[in-house]
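First, the structure itself, so that you have it in front of you.
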Protein chains: 2
Amino acid sequence: MVFTTSEENYIKSIFHLQQETGLVNTNSLAAEMHTRPASVTDMLKKLKSKKLLQYEKYKGFKLNEAGKKAALDIVRKHRLWEFFLVEKLKFDWDKVHPIAEELEHISGDELIQRLDDFLGNPSFDPHGDPIPDKNGKVPVIKQQSLSEIPFKKNVTVSSVSNQTAQMLDMLKHYCIAIGTQLMVLKKFDFDGSLEIKVSKQNACIISEQVAKNVFVHDVQ
Amino acid sequence: MVFTTSEENYIKSIFHLQQETGLVNTNSLAAEMHTRPASVTDMLKKLKSKKLLQYEKYKGFKLNEAGKKAALDIVRKHRLWEFFLVEKLKFDWDKVHPIAEELEHISGDELIQRLDDFLGNPSFDPHGDPIPDKNGKVPVIKQQSLSEIPFKKNVTVSSVSNQTAQMLDMLKHYCIAIGTQLMVLKKFDFDGSLEIKVSKQNACIISEQVAKNVFVHDVQ
DNA sequence: TTATATTTTTAGTTTTGTCTAAATTTTATT
DNA sequence: AATAAAATTTAGACAAAACTAAAAATATAA
Ligand SMILES: [Mn+2]
Ligand SMILES: [Mn+2]
Ligand SMILES: [Mn+2]
Ligand SMILES: [Mn+2]
C-alpha cells in the first residue's frame, strides 16, 4: 500500500498522539498538524476508507494494526534519515527534524534497507528514540527520567523527550548529548532543580523541567 | 525562489530539451513528461508568470537565465543524490534515476552543500554526466563518441548518453562502466559494428547503436 | 434539566495540477 | 490559394488537500 505525503503525515501524527492518550480527538490532531479540524475530519474519512483507522463520528479514533504498521514504517524512515544527517552529514541534532520530515516520504523499500545497512543498522536515532526494524519491531531500553535517579549514581543519557530547538540548544550549552555520562548530586527542594555532574566537568544546576525531559539508563 | 515538485520537473525537462533544440515545443515537452499538451500549456503560463521562461503563444519557448539557474540547481541535486546512491548505498547505476527523481526535490541549501562535501565534491555522476557546482558552473570534459575513435587508441569511458535500464544492462554484460579503458580494433562496414577490447579482456563486438551512445576521452 | 460552551462535522470555496474535447493557429499539401 | 493536417491553446471538469462559516452533536454548568 502506498500513501500520499499528506496521508503519511497524518498517520504518523495519529500514531504519536495515540501512544499518549489511546483514543485521539479531532482538535488535538488539528493542533499537532497545524491545520484545521475540518481538514482533519476530511482526512479521517479517507484513512478510514483505506482501512487504517478505527473511527466513529464524534467518538474519537485510533490506528488499527494496518495503520500502526504503516506508521512504524514512516517512523523508521524518519529516524534512519535523521541518523544519516547527524552521523554522516554532521548536522547538529537540533536541525535534522524538518529535513527528515521531507525525506521520510521518499518511496522504495530497497532504498531504506540499503540506507539502514550503510548506517550500520542503528537502533536509536540522534535524539535517542528507537528505530523500528523492517518488521515494525521497536527496540526497548530500560530508562528513567533524570528527575527520578538516586544521588551519586552514574548514568548515561539515552534520550530527550522534548526535542524543540530551544531544549536542544539548552542541552548543548550544558554539554549534554545522547551517550553523555551524568551523576545527580543534589536536589533543591525550593524549585526542584538538580545539581548534576556532567562527565568530568564541574557541577552545574539544571531546572526540574529539563530534568523531567532527559532520560537515562544504567552505565554499561 | 522556491518551486513545487511539479514546477521543478517541468523546469528540468525544458532545460534538457532546449540543450538539444534551442527552442522547445509543447508536444515534445508533453511527450518527455508523459503528460498532455494542455497540461504543458497551463504550466508554461505559470513559469512565464514566475519569469523563468521566454514564451509566446504558438511560438515555442525556452528558459531564460533565471530559469536556467533554477534548472542547474535541480540537476545538481539529482546528480549528487545519484552519486550517493551508487557510491555509498551500492545501488547499480541503472537503478538510481527514479529515486534521484524524488530526492532532487528535497529542499535546503545546507543539506545539498553538506551532501556535496560528504561525497568529496564529485564532478561527474555515475552515468558520467557533469555535476554543476553551487554557482551553476558545469565541468566540461573533451569527449567523443566511441564510433569516432581511431583504431588501436587507448581511451577511457566518460559517459553514456542513453541511460535506459536496457542500455545499462547491456553495458554491464560487456563489463563496460564509467572509467573502463577501451580500444577499438576494427569496424565492420556491413552493419557498422565495432570490435573492441575492454580492459584486459578478450575482444568483443558491439553494435553501431551502442558505440554511438558511449562517450570516451583520452587516457590520463 | 435546561441552557451554554465546546467539539466535531457538513457545506461550500479555493488552489494546484491534471484531464478531455473543442476551438484556434500554424504548417504542409494539393 | 484553398484545403487538409498538425500543433497549440482554451474551456470546462475533476481530484486532492486545504480553508471558512454554519450546522449538528456532545459535554459542561447553572
Ligand atoms: Mn513528513
Ligand atoms: Mn528523532
Ligand atoms: Mn523529479
Ligand atoms: Mn545521471
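What you are looking at is a predicted structure, and each value in this text was computed from that prediction instead of being measured. In the text below, chain A, chain B and the rest are named by the order of the sequence lines, each starting its count at 1.
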Subject >> Which nucleotide in C:dT7, C:dT18, D:dA18 has an atom nearest any side-chain atom of A:Asn27 >> reply: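 Among the listed nucleotides, the one closest to the side chain of A:Asn27 is C:dT7.
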Original post:
Within less than 4.0 Å of OP1 or OP2 of D:dT20, is there a side-chain N or O belonging to A:Arg36?
Top reply: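 Looking at the OP1 and OP2 atoms of D:dT20, one of them is under 4.0 Å from a side-chain N or O of A:Arg36.
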**OP:** Would you mind telling me which of C:dC19, C:dT9, D:dA18 lies closest to the side-chain atoms of B:Thr35?
**Re:**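 Nearest to the side chain of B:Thr35 among the choices is C:dC19.
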Subject >> Contact nearer the 5' end of DNA chain D, comparing A:Tyr58 with A:Met43 >> reply: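 First, find each residue's nearest nucleotide; the 5'-ward one identifies A:Met43.
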Original post:
Under 4.0 Å between a side-chain N or O of A:Thr4 and OP1 or OP2 of D:dA16?
Top reply: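 Checking D:dA16 against A:Thr4, no side-chain N or O comes under 4.0 Å of OP1 or OP2.
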Subject >> Whole-Å distance separating the CD atom of B:Glu56 from the P atom of D:dT8 >> reply: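 Spelled out: CD on B:Glu56 to P on D:dT8 is 15 Å.
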**OP:** Check the distance between C:dA11's P and A:Asp42's CG and give it to me in whole angstrom.
**Re:**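 Rounded to whole Å, this separation is 11 Å.
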**OP:** Ignoring backbone atoms, test whether A:Tyr55 places a side-chain nitrogen or oxygen under 4.0 Å from the OP1 or OP2 oxygen of C:dT9.
**Re:**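 Looking at the OP1 and OP2 atoms of C:dT9, one of them is under 4.0 Å from a side-chain N or O of A:Tyr55.
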**OP:** Measure from CZ on B:Phe3 to C1' on C:dT16 and round the result to the nearest Å.
**Re:**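 Distance check: B:Phe3 CZ to C:dT16 C1' gives 16 Å.
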**OP:** Counting heavy atoms from C-beta on, name the nucleotide in C:dT8, D:dT8, C:dT18 closest to the side chain of A:Thr41.
**Re:**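 It is C:dT8.
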**OP:** Give a yes/no answer on whether the side chain of A:Lys59 brings an N or O atom under 4.0 Å of OP1 or OP2 in C:dT7.
**Re:**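 It does not, given that no N or O in the side chain of A:Lys59 lies less than 4.0 Å from OP1 or OP2 of C:dT7.
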Subject >> Gap between atoms CG and C1', on B:Leu44 and D:dT8 respectively (whole Å) >> reply: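 These atoms are roughly 10 Å apart.
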Original post:
Has A:Lys57 got a side-chain N or O lying under 4.0 Å from the OP1 or OP2 atom of C:dT10?
Top reply: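 Yes, because at least one side-chain N or O of A:Lys57 sits under 4.0 Å from OP1 or OP2 of C:dT10.
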Original post:
When all nucleic acid strands are considered with a 4.0 Å heavy-atom cut-off, which category describes B:Tyr10: base, sugar-phosphate, or nothing?
Top reply: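 Sugar-phosphate contact only - B:Tyr10 comes under 4.0 Å of backbone atoms but never of a base.
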**OP:** In plain terms, say whether A:Lys95 and B:Glu110 are close enough for a salt bridge, that is, a side-chain N and a carboxylate O under 4.0 Å apart.
**Re:**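 No, A:Lys95 and B:Glu110 are not salt-bridged.
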**OP:** Name the nucleic acid region contacted by B:Ser39, choosing base, sugar-phosphate or nothing; use a 4.0 angstrom heavy-atom cut-off, strictly under.
**Re:**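 Base: the residue B:Ser39, judged by heavy atoms under 4.0 Å, touches a nucleobase.
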Subject >> Closest nucleotide among D:dC19, C:dT8, C:dA21 to the B:Ala38 side chain >> reply: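 Output: C:dA21.
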**OP:** Classify the angle between the aromatic ring planes of B:Phe84 and A:Trp81 as parallel (below 30°), tilted (30 to 60°) or perpendicular (above 60°).
**Re:**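 If you compare the ring of B:Phe84 with that of A:Trp81, the planes turn out tilted.
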**OP:** Check the distance between C:dT15's P and B:Lys45's NZ and give it to me in whole angstrom.
**Re:**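 One finds 16 Å between P of C:dT15 and NZ of B:Lys45, rounded.
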Original post:
Does B:Asp73 pair with B:Lys77 as a salt bridge, N-O distance under 4.0 Å?
Top reply: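 Not counted as a salt bridge, because no side-chain N and carboxylate O are separated by less than 4.0 Å.
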**OP:** Using only side-chain N and O atoms of A:Asn25, determine if any of them is under 4.0 Å from OP1 or OP2 of C:dT7.
**Re:**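 A:Asn25 to C:dT7 OP1/OP2: no side-chain N or O under 4.0 Å.
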**OP:** For the pair B:Glu65 and B:Lys68, find out whether any cationic side-chain nitrogen is under 4.0 Å from an anionic carboxylate oxygen.
**Re:**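 A salt bridge is present here (some side-chain N lies under 4.0 Å from a carboxylate O).
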Original post:
Is the phosphate of C:dT18, meaning OP1 or OP2, less than 4.0 Å from a side-chain N or O of B:Ser6?
Top reply: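 Looking at the OP1 and OP2 atoms of C:dT18, one of them is under 4.0 Å from a side-chain N or O of B:Ser6.
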Original post:
A:His97 and A:His78: aromatic ring centres closer than 6.0 Å?
Top reply: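 Yes; A:His78 has its ring centre under 6.0 Å from that of A:His97.
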Original post:
How close or far is atom P of C:dT9 from atom CG of A:Leu29, stated in whole angstroms?
Top reply: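 Distance check: A:Leu29 CG to C:dT9 P gives 11 Å.
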